[in-house]
Participant: 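Please read through the structure below; I'll follow up with questions.
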Amino acid sequence: MAHTDPRFHVPAPHVRPGDTPDFSHIEIPPAGTARRPDVSIAGSETLDLALGLVRVLDHNHQAVGEWDPKLEPEIMREGLRHMVLTRVYDERMQKLQRQGKMSFYMKSMGEEAVAVAAAMALEKTDMVFPSYRQQGILFARGRDIVDMMCHCISNSRDNLKGRQLPVHYTWAEGDFFSISGNLTTQFPQAVGYAMACQFKGESRITASWIGDGSSAEGDFHGALVLASTYRAPVILNIVNNQWAISTFQGMAAGASETFALKGIGYGLASLRIDGNDFLAVYAATKWAAERARAGHGATVIESYTYRADAHSTSDDPSGYRPKGEADAWPLGDPVERLKNHLIGLGEWDEERHAALEKELDQLVIASYKEAETFGTLHDGPLSPVQTMFEDVYAEPDWRLRRQRRDLGV
Amino acid sequence: MAHTDPRFHVPAPHVRPGDTPDFSHIEIPPAGTARRPDVSIAGSETLDLALGLVRVLDHNHQAVGEWDPKLEPEIMREGLRHMVLTRVYDERMQKLQRQGKMSFYMKSMGEEAVAVAAAMALEKTDMVFPSYRQQGILFARGRDIVDMMCHCISNSRDNLKGRQLPVHYTWAEGDFFSISGNLTTQFPQAVGYAMACQFKGESRITASWIGDGSSAEGDFHGALVLASTYRAPVILNIVNNQWAISTFQGMAAGASETFALKGIGYGLASLRIDGNDFLAVYAATKWAAERARAGHGATVIESYTYRADAHSTSDDPSGYRPKGEADAWPLGDPVERLKNHLIGLGEWDEERHAALEKELDQLVIASYKEAETFGTLHDGPLSPVQTMFEDVYAEPDWRLRRQRRDLGV
Amino acid sequence: MSKMNMIQALNSAMDNMMERDANVLAFGEDAGYFGGVFRVTAGLQEKYGLDRCFDAPINEAAIVAMAIGMAANGLKPVAEIQFSDYIFPGFDQIVSELSRLRYRTAGTFTAPVVIRTPSGGGIRGGQTHSMSPEAFFTHIPGIQVVMPSNPYDAKGLLIAAIESPDPVIFFEPKRLYNGPFDGGAGKALEAWGKHPKGEVPEDHYTLPIGKADVVREGSAMTIVTYGTLVHVALAAAEQSGIDAEIIDLRTLIPYDIETIAASVNKTGRCIVAQEAPRTSGFGAELAAQIQEDCFFALEAPIKRVTGWDTPYPHAHEWSYFPGPKRFINAMREVLEA
Amino acid sequence: MSKMNMIQALNSAMDNMMERDANVLAFGEDAGYFGGVFRVTAGLQEKYGLDRCFDAPINEAAIVAMAIGMAANGLKPVAEIQFSDYIFPGFDQIVSELSRLRYRTAGTFTAPVVIRTPSGGGIRGGQTHSMSPEAFFTHIPGIQVVMPSNPYDAKGLLIAAIESPDPVIFFEPKRLYNGPFDGGAGKALEAWGKHPKGEVPEDHYTLPIGKADVVREGSAMTIVTYGTLVHVALAAAEQSGIDAEIIDLRTLIPYDIETIAASVNKTGRCIVAQEAPRTSGFGAELAAQIQEDCFFALEAPIKRVTGWDTPYPHAHEWSYFPGPKRFINAMREVLEA
Ligand SMILES: Cc1ncc(C[n+]2csc(CCOP(=O)(O)OP(=O)(O)O)c2C)c(N)n1
Ligand SMILES: Cc1ncc(C[n+]2csc(CCOP(=O)(O)OP(=O)(O)O)c2C)c(N)n1
Ligand SMILES: [Mg+2]
Ligand SMILES: [Mg+2]
C-alpha cells in the first residue's frame with residue numbers, strides 16, 4: 001500500500017532507532033571565531049551571528065575569543081554547583097516519580113547551562129518567563145529546594161495549592177513567572193511585561209524560553225512582532241534541544257538553517273549559541289541584557305543543545321531515536337565542559353567535584369525528607385479541599401459559593 | 001498629562017494629515033538591477049532579493065534587466081485591459097454603494113497590477129486564495145461581470161445566496177477560493193491545498209495574498225512554517241500597500257527592513273518586488289510558479305505598492321494620512337506605467353486608451369443594469385429566505401428544520 | 001450630566017480612568033492615532049500620549065498576551081478587539097492564560113485585563129462583523145463577561161471593569177452605539193439624546209458588576225436578556241400589550257440569579273433571549289439555571305428567543321435577527337402554554 | 001470480532017479507512033513516526049507511507065488550516081490535536097473557517113475535516129491535560145461534535161465521522177482509552193477486554209452520527225450524559241439502586257432530542273451530566289431544551305451534575321471530577337423534589 005516516495009516532502013531525521021547515532025551533518029564552527037559586536041548594533045547586522053554559533057569553550061576546555069566573559073573562578077564554580085544541583089535534583093525527582101511520589105516529572109538533563117548561565121547573567125529581579133525545562137533558573141536564584149519539592153508532590157506546603165502539575169513552578173518572590181502547560185503562550189506575554197517595565201521606568205528586563213518545537217506556534221510570531229514593533233527590552237530564547245517529544249527539530253525548522261535566523265526577519269538582534277557551553281550562554285545573555293537595558297531592543301537567542309533524556313516521565317525516547325545519541329552529541333555535556341574548564345584553570349578537581357555531587361545529593365535527599373513531612377500527593381495532607389474554589393476570582397461569586405456548598409466543604 | 005517622550009517605542013509614520021506627503025525615506029533601487037537566479041536556487045540564497053526590489057519598468061517606461069518577461073504586446077494589452085476594467089468597475093461600484101445599492105465596497109485602486117499580473121502569470125487552474133483586494137484576478141480569469149455584481153448587490157442571482165459581504169467573492173469554476181473576512185486565515189489553508197495538489201499528482205499550485213498589516217497575524221507564521229516544512233508548491237504574497245486601515249505598515253514591520261525578509265527566516269525563496277510594475281509582478285509570479293511546479297517549494301513575494309484610496313467605503317483616510325499621498329508615491333501608478341510602456345513600444349496610444357476606458361465603463365454600466373434585473377439588496381428579490389438555513393450542513397438537522405419552521409418559511 | 005451616545009460614554013469612561021490612574025492603557029488595531037474604527041478611543045492618544053493609547057499590530061493573540069504581561073506587571077490595560085468576530089485568534093490566550101493566571105499561581109500573579117469588543121449584528125456586517133460570541137466566554141472560569149445596553153450603563157460598567165481585580169470581556173453591542181434599536185429592516189435611527197439613559201455624568205461613577213437591572217416591571221412573564229435585545233424586548237412588550245417584566249442582565253458572568261429568580265418566582269413564566277445562535281448560547285445557561293431554581297413557580301416552559309444555528313447572513317440579516325415579532329410570538333406561546 | 005481497548009478500536013477505524021480510501025490522511029503532533037502520544041495512529045505511517053500519516057509542526061492553527069486546505073481539494077484529513085486543552089490556538093480556524101466554508105460558499109467548497117482530540121480528566125493531568133471543552137464546539141453552527149464512551153462506539157463513530165460530508169470534532173475521553181472508569185481516587189484500572197463494548201469487529205462498520213444509545217433502561221429518571229460519565233452514571237444507578245434510564249448521547253451535535261424526549265416523557269425526571277465546568281456547559285443546552293420539550297412531563301427540576309466553575313485542579317482532581325457520589329446525591333434530590 002505504502003508509496004515509497006511520499007508525494008509531498010515530509011522531513012525526517014538522519015537516524016532512527018536501530019541506527020548508529022550520527023551528527024556528522026551538523027557543522028560546528030570552532031570556538032572563539034564569532035565576533036562580538038557592540039550591543040548597539042542594528043538587528044539586521046547580526047545575520048552572521050544568527051547563522052553562526054557563538055562558542056567560548058574550545059575542545060581543550062579553554063575559553064577563547066571575543067565572547068569570553070572572563071568570569072571569576074568563583075562565579076564559574078557557583079554555576080557548576082547550580083548545574084550539578086539541577087541534575088542531581090532532576091535525577092532524584094524522576095526516581096521519586098517512578099516510585100509514585102508524584103504524578104509527573106520533566107528533567108532538563110543536558111540543558112542545564114541554558115537555564116543556569118542565563119539566570120546568572122541576568123539581574124535577579126529581571127522577570128523570567130520560562131518553559132518547563134528551565135528549573136536551573138530556580139537553583140541559580142536560590143529558591144528553597146524544599147519549597148520546590150513541596151510543589152512537585154502537591155502537598156500542604158505547595159505554594160500553588162496543588163493546582164499545577166509538578167515542574168510547573170511559580171515563584172513570584174524570585175521574579176519567576178508562572179509556567180504554563182500551554183506552549184509558547186508566555187513568549188508574547190514576556191514582551192508585554194517588558195514594555196510595562198519601561199513604562200514604569202524600571203531598569204528591569206524580561207526573558208522567556210521556549211523549545212525548538214514550540215517556535216512553530218503562532219504566539220512565537222506574535223512575540224517577535226511585538227518585540228520588534230515596540231522595541232521591548234526582552235530576551236527571547238529558543239532552546240533547540242533537537243527534539244519536541246518524538247518529533248525532531250526539522251519539523252519546526254523546515255528549510256531554514258537555524259532558528260535564530262527567524263529573528264532577522266523581524267530586524268531583531270539574533271544569536272545562535274552553543275547551549276552546552278556555560279560561558280557562551282552567560283556571555284550571550286549578558287550581551288542581550290545589556291542591549292535591552294540600553295534601549296536597543298530585543299534579542300533572539302537560539303541555544304543549540306540536546307535533550308539528553310526522555311521528554312518527560314510519560315515518554316520513552318527509544319521509540320523514536322537511537323540509543324546513545326546524547327553521548328554522540330558533538331557539543332558534549334555542559335557540566336563536564338565547565339568542570340573541565342575549571343580543572344584546566346587549576347580551580348577545580350575531580351575530588352572536589354565528587355564531593356560536590358555527594359553533598360548536593362545528600363542535600364536533595366534531606367530536602368525531600370523534609371518536604372514529605374508536609375505531605376505527599378498520595379497520602380496527603382494536601383492544600384485544604386475548599387481552596388479548590390479560591391483564586392478563580394478575587395472573590396468567589398454565588399456560583400462558586402454554591403458549588404463549594406454542594407461539595408460539602 | 002501627556003508624556004512627550006513615550007516610555008516605550010511606538011512607531012509612527014513620517015507624515016500625518018496636514019503634513020506634505022513625503023516618501024524621501026524610501027529607497028528605490030533602479031529598475032533592472034536585481035538578478036534573476038535559476039528557479040532551483042536555495043531559499044536561503046535569495047537574501048539580496050528579499051532586501052532589494054525587483055523592477056522591470058524604468059522611469060522611462062522601458063523594460064530592462066533580467067526580470068523582463070519579454071511579453072508579447074498582445075499580452076500586455078490584455079493586462080492593461082484587465083487593470084482598467086478593475087479600476088472602472090471599482091469606481092462604479094463605490095459610487096453605487098454611496099447610492100445605497102450595496103452595503104459595503106472595497107476598491108483596489110493603485111494595486112491592480114498585483115492581482116492582474118499575478119493571475120495572468122499563473123495557470124488558470126491554479127487555485128487562488130485571495131484577500132478582499134485582488135478582484136483583479138477575477139477579471140483576468142474572465143469572470144462574468146454581471147455575476148460579480150449580483151454577488152455585490154446580494155440579489156437573487158448572487159452565487160453566494162446573499163451570505164457574504166460584497167467583494168467577498170467565491171468562484172469555484174474559476175479556481176478562486178472563497179474570500180474570508182477574517183484576515184490571514186487562508187494563508188495556511190493555501191499551503192494545505194497545495195500539498196493536496198501534490199498528493200493527487202496535479203501540476204496545479206496555489207497562491208495566496210494578504211496585506212502588510214495581516215502579516216502580523218499568527219496564521220502568517222503557520223503558513224510559512226507549513227510551506228517550509230512540507231516544501232509546498234505555493235506562492236505566498238504579501239501586498240505591502242503601506243496601510244492597514246489607519247495603521248501604517250511600520251506597525252507590522254517593526255524593525256525589519258522588508259516583509260519579504262521574513263521568508264528568509266524560514267528558508268523560503270523571498271522576493272521584494274515593485275507592485276506597481278505589471279512586468280515585475282508578472283515575472284516574479286512566473287518565476288515562483290515555475291519554482292513551485294518544479295518541486296523547489298514556496299516563494300514569499302512582497303509587492304511594494306500603495307493603497308491609493310480609502311480602506312473601504314466605511315473609511316475616510318483623511319483622518320490619518322496626508323491628502324495627495326497616492327500622487328506622491330514614488331512607484332507611480334500601475335495602469336499609467338504599463339500604458340506608457342506600451343505607448344513607448346508603439347503598441348498603444350492615448351486615443352485607444354481613452355476608447356478602452358469608455359468601452360469598459362459602458363460595459364460596467366450595462367452590466368450593472370443587467371445585474372439589477374435580478375434584484376438588489378434593498379428592494380429584492382434576494383435568494384429565497386429559506387436558503388438561510390441551507391448549507392450549514394450537507395443536510396439540515398432537526399434544529400435547523402425546527403428553526404426554519406419557527407420562522408415560518 | 002451630558003447627552004452622550006454609547007461611543008461617547010465609553011470614551012468618557014476611558015478618559016476618566018486614564019486621568020485618574022496613570023497605569024491605565026488603551027490599545028488595539030487602529031485604536032491609537034485614529035481612535036478606533038468606532039472612535040471609542042478617539043482623542044486619547046493626543047491627550048495622554050503615545051504610550052498610553054496606541055495602535056497594535058493585527059494579531060489578536062499578541063494583543064491579549066501583551067495585555068496579560070502588562071497587567072501582571074501592575075498596569076491596567078484596556079485592549080480593544082476591533083470586532084468580536086476577530087477575538088478568536090486570541091481565544092487561547094484568554095482561555096488558557098488570562099482566565100487562569102490567578103488560579104494557577106495561587107493568587108501571586110493576576111492579570112486584571114479588560115478586553116473591549118463591539119459585538120452583535122444589525123449593521124449589515126455579514127458573517128464576520130455581526131457575531132455575538134459571548135456564550136463562549138461565559139464557559140471560562142475566571143472570566144467576567146459584561147454587556148451594557150445603553151450609554152449610562154456602558155460608562156458605569158466600563159469603569160467598574162477597569163477597576164475590577166479580575167479580567168473582563170466587555171461586549172459593546174455595536175448596533176446601539178449611536179442609538180437605541182428595537183426593530184428590523186428599515187427602522188430609522190433614533191438618537192440616544194432622547195433616551196433617559198443617554199444622560200451620562202461626565203465624572204467617574206460605577207455600576208456594580210453582577211447586578212442586573214429590571215428595566216420594565218410586569219406581571220405576565222419575565223424576559224431575561226442583554227444588549228441590543230433589551231430594546232427589542234421592550235418594544236415587544238409595548239407592541240403586544242403583554243405586561244412582561246424585562247431584566248437587562250448587564251453582567252453575564254456572574255449573572256444576577258437573585259434578581260432573575262425573584263422575578264420568575266413572581267411571574268411564573270419566562271423567556272430568555274440572545275442574538276447568538278441558539279444551541280449552547282447563553283440563554284441555555286439561563287434557562288437551565290432558572291428551571292432549576294424556580295421550577296415550582298414555573299407555569300410554562302421557558303422559551304428561548306435567539307438567532308438561528310447558522311452563520312450570521314448578510315442579505316437575510318433581518319430574518320436572522322430576533323426582532324419584536326419573534327419576541328411576541330414567543331410571549332404568546334409562553335402565555336398560552 | 002476482537003477484544004480491543006479504545007485506542008486499538010480507533011486505530012482500527014483509521015486503518016480500515018486508510019485502506020479503503022486512499023485520500024484519507026492522518027497527521028498531528030507526534031502522530032506520524034511515533035504514532036501519537038496515545039498511540040492511536042501507531043503503525044499507520046509504516047503501513048501507508050510518509051504522506052498518509054505524518055508529523056506536524058506544533059501549531060494547532062496551522063494543523064487545522066492545513067486540513068481545511070486539503071479537504072477543500074478533495075482529501076479526507078483526520079487531524080489529531082494532542083490534548084483538547086491545546087485546541088484553542090486552532091479555535092479561530094474552526095469557528096471562522098472550518099465551520100463556515102460550506103455556508104459562505106453556498107456549497108461550492110466544503111471541508112469535511114475530522115479533528116480527533118483526547119479530552120477529559122481523571123489522569124492526573126492538571127489544568128492543561130484534563131479539559132472537557134466540548135461545549136465551546138456545540139455553539140458553532142456547521143460543526144458536528146461526537147464523543148464515544150467505549151471501543152465499539154469509538155470505531156463505528158470515527159468511521160462515520162470520516163465518511164461524513166461535514167466537519168466533525170471527535171472527542172476521545174482519554175480516561176477511557178484503556179478501560180471503563182466509573183470511580184475516583186484509587187479505583188483500579190479495569191480492562192475493556194471484559195466489557196461487552198470491548199468486542200470490536202475488525203472490519204468497517206459505522207454508527208449513525210446523531211443517534212444516542214439508551215445504555216440502561218429504567219423508570220425512575222433519565223440521566224443524559226456522554227463520554228466518561230456514562231460509566232459513572234451506570235455505577236451510580238447500580239450503587240444507589242435507583243432505577244435510572246441512562247442515555248449515552250454519543251453525538252452532541254446534533255444531539256438526539258427524540259430519544260431524550262421519549263425517555264424524559266416516560267420517567268418525568270432528569271439529570272444532565274458533564275465533566276466540564278458547570279456554567280454554559282453542554283448540560284445547559286440539554287436542560288434548556290429538555291425543559292422546553294418535556295415541560296409538562298417533568299415532575300422535578302432538571303439537575304446538572306458537572307465539574308466546578310474552576311480550572312481543572314491537579315491535586316484535588318477527585319474532588320473536582322463528578323464521581324458516583326455526586327451523581328447519587330443529585331439522583332436523590334431529583335427523586336425527592
Ligand atoms: C499548545 C500546546 N500544544 C501541544 C502541547 C503538547 N506538548 C507538550 S511539550 C511538547 C513538545 C515541545 O517541544 P519543544 O518546544 O522542542 O520543547 P522541549 O520539550 O524540547 O523542551 C508538546 C507537543 C502543549 N503543551 N501545548
Ligand atoms: C482577524 C481579523 N482582525 C481584524 C480585522 C479587521 N480588519 C479588516 S481589514 C484590516 C486591515 C488589513 O490591512 P492589510 O493587511 O494591510 O490589508 P489592506 O487592507 O491594506 O489590503 C483590519 C484590521 C479582520 N478582518 N480580521
Ligand atoms: Mg525541543
Ligand atoms: Mg495594507
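Protein chains get the first letters and strands the later ones, always in sequence-line order, with residue 1 at the start of each.
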Participant: Does any backbone or side-chain atom of L75(D) lie under 4.5 Å from a heavy atom of chain B? Answer side chain, backbone, both or neither.
Facilitator: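 Side chain only.
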Participant: Are there over 12 heavy-atom neighbours, none belonging to R231(B), within less than 6.0 Å of that residue's CZ?
Facilitator: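 Counting other residues, nucleotides and ligands, CZ of R231(B) stays at 12 neighbours or fewer.
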Participant: Measuring centre to centre across the rings, with the benzene-like ring taken for any Trp, is F171(D) within less than 6.0 Å of F137(D)?
Facilitator: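 Between F137(D) and F171(D), which both carry aromatic rings, the centre distance is below 6.0 Å.
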Participant: Is there any residue in residues 127-154 of chain B with a non-hydrogen atom under 4.5 Å from a non-hydrogen atom of chain D, and which ones are they?
Facilitator: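 Against chain D, the residues of residues 127-154 of chain B that fall inside the cut-off (heavy atoms, under 4.5 Å) are M127(B).
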Participant: In terms of heavy-atom proximity below 4.5 Å to chain B, should Q144(D) be classed as side chain, backbone, both, or neither?
Facilitator: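 Contact with chain B is through both the backbone and side chain of Q144(D).
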Participant: With under 30° as parallel and over 60° as perpendicular, where do the rings of Y86(D) and F83(D) fit, or are they tilted in between?
Facilitator: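 Rings of Y86(D) and F83(D): perpendicular, over 60°.
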Participant: Can you tell me how far the SG atom of C270(D) sits from the CG atom of L286(D), to the nearest 0.5 Å?
Facilitator: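 That separation rounds to 8.0 Å.
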Participant: Supply the atom-to-atom distance L382(B) CG to D158(B) CG, rounded to the nearest 0.5 angstrom.
Facilitator: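 So the gap between those two atoms works out to 9.5 Å.
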Participant: Roughly how far, to the nearest 0.5 Å, is CZ of F34(D) from CG of D55(D)?
Facilitator: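 Reported value, rounded in 0.5 Å steps: 10.5 Å.
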Participant: Which atoms of Y393(B) are under 4.5 Å from chain D, going by heavy atoms: the side chain, the backbone, both sets, or neither?
Facilitator: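 For Y393(B), heavy atoms of backbone and side chain both lie under 4.5 Å from chain D.
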Participant: Only heavy atoms, only distances under 4.5 angstrom. Which residues in residues 59-72 of chain D are near chain B?
Facilitator: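 Residues in range: N59(D), A61(D), A62(D), A65(D), M66(D), I68(D), G69(D), M70(D), A72(D).
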Participant: Heavy-atom pairs under 4.5 Å with chain D are the metric here; pick the option from H168(B), E395(B), M388(B) that has the most.
Facilitator: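 Ranked by heavy-atom pairs under 4.5 Å with chain D, first place is M388(B).
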Participant: By a 4.5 Å heavy-atom criterion (distance strictly below it), what part of I209(D) contacts chain B: side chain, backbone, both, or neither?
Facilitator: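 Contact with chain B involves no heavy atom of I209(D) at all.
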Participant: Please state whether the side chain, the backbone, both or neither of Q198(B) comes within less than 4.5 Å of a heavy atom of chain D.
Facilitator: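 No part of it gets close to chain D.
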Participant: How many angstroms lie between atom CD1 of I257(D) and atom CG of L249(D), to the nearest 0.5 angstrom?
Facilitator: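 Reported value, rounded in 0.5 Å steps: 9.5 Å.
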Participant: Considering only heavy atoms and a distance below 4.5 Å, find which of S383(B), S180(B), A223(B) pairs most often with chain D.
Facilitator: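 Heavy-atom pair counts peak at S180(B).
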Participant: When you measure from the side chain of Q291(D) to the backbone of A288(D), do you find a donor-acceptor pair of N or O atoms at a distance under 3.5 Å?
Facilitator: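 Yes: the side chain of Q291(D) pairs with the backbone of A288(D).
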Participant: Residues two or more places apart in sequence or in another chain: which of them pass side chain to side chain contact (heavy atoms under 4.5 Å, CB included) with P384(B)?
Facilitator: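 If we apply the side chain to side chain contact (heavy atoms under 4.5 Å, CB included) test to P384(B), skipping adjacent residues, the hits are Q386(B), T387(B).
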Participant: To the closest 0.5 Å, what do you measure between CZ (F176(B)) and OG1 (T170(B))?
Facilitator: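 Here the interatomic distance stands at 7.5 Å.
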Participant: Name the option with the most non-hydrogen atom pairs under 4.5 Å to chain D; the candidates are A194(B), G218(B), A232(B), A196(B).
Facilitator: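 Counting heavy-atom pairs under 4.5 Å, the top option is A196(B).
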Participant: Report which part of V392(B) has an atom under 4.5 Å of a heavy atom belonging to chain D: side chain, backbone, both, or neither.
Facilitator: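 Both the backbone and the side chain of V392(B) come within 4.5 Å of chain D.
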Participant: Do you know which of V191(B), D397(B), T206(B), T185(B) has the most heavy-atom pairs under 4.5 Å to chain D?
Facilitator: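 Highest number of heavy-atom pairs under 4.5 Å: T185(B).
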Participant: Among the options N159(B), L400(B), D219(B), T229(B), pick out the one with the most heavy-atom pairs lying under 4.5 Å from chain D.
Facilitator: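 Most heavy-atom pairs within the cutoff with chain D belong to D219(B).
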Participant: Taking non-hydrogen atoms and a cut-off under 4.5 angstrom, which of residues 157-167 of chain D neighbour chain B?
Facilitator: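 So the qualifying residues are P165(D), D166(D).
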Participant: Atom CG of N73(D) and atom CD of Q189(B): how far apart are they, to the nearest 0.5 Å?
Facilitator: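 Result: 12.5 Å between the selected atoms.
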Participant: Answer with side chain, backbone, both or neither: which region of A190(B) has an atom nearer than 4.5 Å to a non-hydrogen atom of chain D?
Facilitator: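 No part of A190(B) comes within 4.5 Å of chain D.
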Participant: Please classify the contact between L226(B) and chain D as side chain, backbone, both or neither, with a heavy-atom cut-off of under 4.5 Å.
Facilitator: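 When you check distances to chain D, only side chain atoms of L226(B) fall under 4.5 Å.
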Participant: Measure distances from F177(B) to the heavy atoms of chain D and classify the residue's part below 4.5 Å as side chain, backbone, both or neither.
Facilitator: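 Both parts, heavy atoms under 4.5 Å.
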Participant: Below 4.5 Å from any heavy atom of chain B, which atoms of F54(D) appear? Answer side chain, backbone, both or neither.
Facilitator: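 It is the side chain, since no backbone atom gets that close.
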Participant: Could you pull out the closest heavy-atom pair between I205(B) and D126(B), with the gap in Å?
Facilitator: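 Smallest heavy-atom distance, with atoms named: N-OD1, 3.0 Å.
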